[in-house]
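Encoded as structure tokens, the structure appears first; notes follow it.
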Amino acid sequence: WFLRKISRITTVENELKEGVITPSLMLRAKDVGLADRSIAEIAGKTADEVAESLAKLLGNEVKLYNYGGNELKNGKIAVMCGGAKSTDVYKEMADEGINLFIIGVTTKRAEWVQNIHKAAEENGVSLLGGTHQATEKFAPAEMVKFFEKLGLKAMFIDETARVNEL
């Protein structure tokens, strides 16, 4: 039992070191008992490395606005669907020791986005934009699987990422 458990941990650690961290790999890492900080240390992730991995995962260009430095504090990042317009979350992230936030829309052409850039910079939180569609497509894709397990026909309709949102 003990050797199998160590073997599973070692396998996941090696996958983390190899490259793209997918949602399923993160779940497996958590399942074998790895803490967020350990996962970040094993993967050796900096903001630049997270940006590179995210671009591969999403299949489109991403943009990093480095307001919080390249090294990830405490091995943590923040991800949020909706609500990113609220500038209060940036202080919350800083208070939690988080300096990288994955977000959909980062273009400074939209007035509301200018406000989040200001709040992010003031709180030392880098913004990593991946487009609205690309960063939020994983939950609906998983919902399709859920409905199919219930015996219902379901289909995920993917869109083309709008890189002008970066």
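Side chains are part of it too, since the values below use all heavy atoms of this structure and drop only hydrogens, waters and symmetry mates.
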Could you check whether any side-chain N or O of [X] sits under 3.5 Å from a backbone N or O of [Y], counting only pairs where one atom can act as donor and the other as acceptor?
X: N99; Y: V125; answer: no
X: Q114; Y: K108; answer: yes
X: T46; Y: E71; answer: no

Test item: [X] and [Y] side chains (from C-beta on) under 4.5 Å apart, heavy atoms:
X: I102; Y: L54; answer: yes
X: H117; Y: Y65; answer: yes
X: I157; Y: M155; answer: yes
X: L64; Y: L127; answer: no
X: I77; Y: F101; answer: no
X: I103; Y: L128; answer: no

What pair of heavy atoms forms the shortest contact from [X] to [Y], and how long is it?
X: A78; Y: M93; answer: CB-SD, 3.7 Å
X: A119; Y: T87; answer: CB-CB, 3.7 Å
X: A47; Y: L72; answer: N-CD2, 4.1 Å
X: G130; Y: N60; answer: O-ND2, 3.2 Å

To the nearest 0.5 angstrom, please state how far the [atom1] atom of [X] sits from the [atom2] atom of [Y].
X: D48; Y: S53; atom1: CG; atom2: OG; value: 11.0 Å
X: T106; Y: H132; atom1: OG1; atom2: NE2; value: 12.5 Å
X: K118; Y: Y67; atom1: NZ; atom2: OH; value: 12.5 Å
X: E165; Y: T107; atom1: CD; atom2: OG1; value: 9.0 Å
X: S126; Y: N66; atom1: OG; atom2: CG; value: 4.0 Å

Should T135 and L58 be marked as a side chain to side chain contact (heavy atoms under 4.5 Å, CB included) after you check the CA-CA gap, both sets of side-chain angles, and the distance that decides it?
CA-CA 7 Å; T135 58; L58 299 178; 4.1 Å; yes
Taking it one step at a time, do D158 and Q133 satisfy side chain to side chain contact (heavy atoms under 4.5 Å, CB included)?
CA-CA 8 Å; D158 203 358; Q133 173 275 341; 2.5 Å; yes
For K145, is there an ion pair with E148 - N to carboxylate O distance below 4.0 angstrom?
no
Do any pairs count as a salt bridge (Lys or Arg N to Asp or Glu O under 4.0 Å) and have a residue in residues 95-104, sequence neighbours left out, and if so which ones?
K91-D95
Within 6.0 angstrom of K137 NZ, more than 12 heavy atoms from elsewhere:
yes
Is there a path of hydrophobic side-chain contacts, each under 4.5 Å between heavy atoms of I, L, V, M, F, W or Y residues, that connects F156 with F147?
no
hydrophobic_cluster_shared for V144 and L150, side chain cutoff 4.5 Å:
no
